[in-house]
Amino acid sequence: MTGALVAGLLAGYGIAVPVGAVGTYLVSLTARTSLRTGVCAALGVATADGLYALAATVGGSALASVLRPVLTPLRWICVLVLLALAAWSAAGAVRQYRERRLATRRDPAPRAPYGRTSCCSGSRC
């Protein structure tokens, strides 16, 4: 029992240690406010994650027994949906490629992001 617990803890730390978007947000929130606010926010995130894990465990085990008889047809439906999405994406990419023409020197310059006209001034460009 202890070996399984330690293995689970090590696996959990291996998954939890990489800092993602939420971890970065929590660090910046703590830096902007106080340690108390950061700890409370982190406990809220951990509580939500725990509730999601509980719902997935309970719901997943109940759903697995219901889905077991129709698992093979569901797999084939998934294959067909993924193939349809791939074909639709490929057709859209080919259509977009064929509609575009190559740029020439007489074409106007593309607009810069956020409505900026140029990053440099005068003839220095």
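In this text the structure is predicted, and so the values were computed from the model without any measurement.
- A chain of hydrophobic side-chain contacts below 4.5 Å, direct or via other Ile, Leu, Val, Met, Phe, Trp or Tyr residues, connects Ile77 to Trp88.
- In this structure, Leu71 CG and Cys78 SG are separated by 9.0 Å, a value rounded to the nearest 0.5 Å.
- The minimum heavy-atom distance between Leu29 and Ala41, with the atom names listed, is CD2-CB, 3.6 Å.
- Residues in residues 36-52 take part in these side chain to side chain donor-acceptor pair (under 3.5 Å) pairs, two or more places apart or across chains: Ser34-Thr37.
- Ser65 places a side-chain N or O within donor-acceptor distance of the main-chain N or O of Ala62, the cut-off being under 3.5 Å.
- Hydrophobic cluster membership for Leu54: Val58 (Ile, Leu, Val, Met, Phe, Trp, Tyr linked by side-chain heavy atoms under 4.5 Å, directly or transitively).
- Taking CG of Leu9 as the start and OG1 of Thr2 as the end, the distance is 11.0 Å to the nearest 0.5 Å.
- Residue Gly38 comes nearest to Thr30 through the heavy atom pair CA-OG1, 3.1 Å, listed as atom of the first residue, atom of the second, then distance.
- Both Leu74 and Leu63 are members of a single hydrophobic cluster when ILVMFWY side chains are connected at heavy-atom separations under 4.5 Å.
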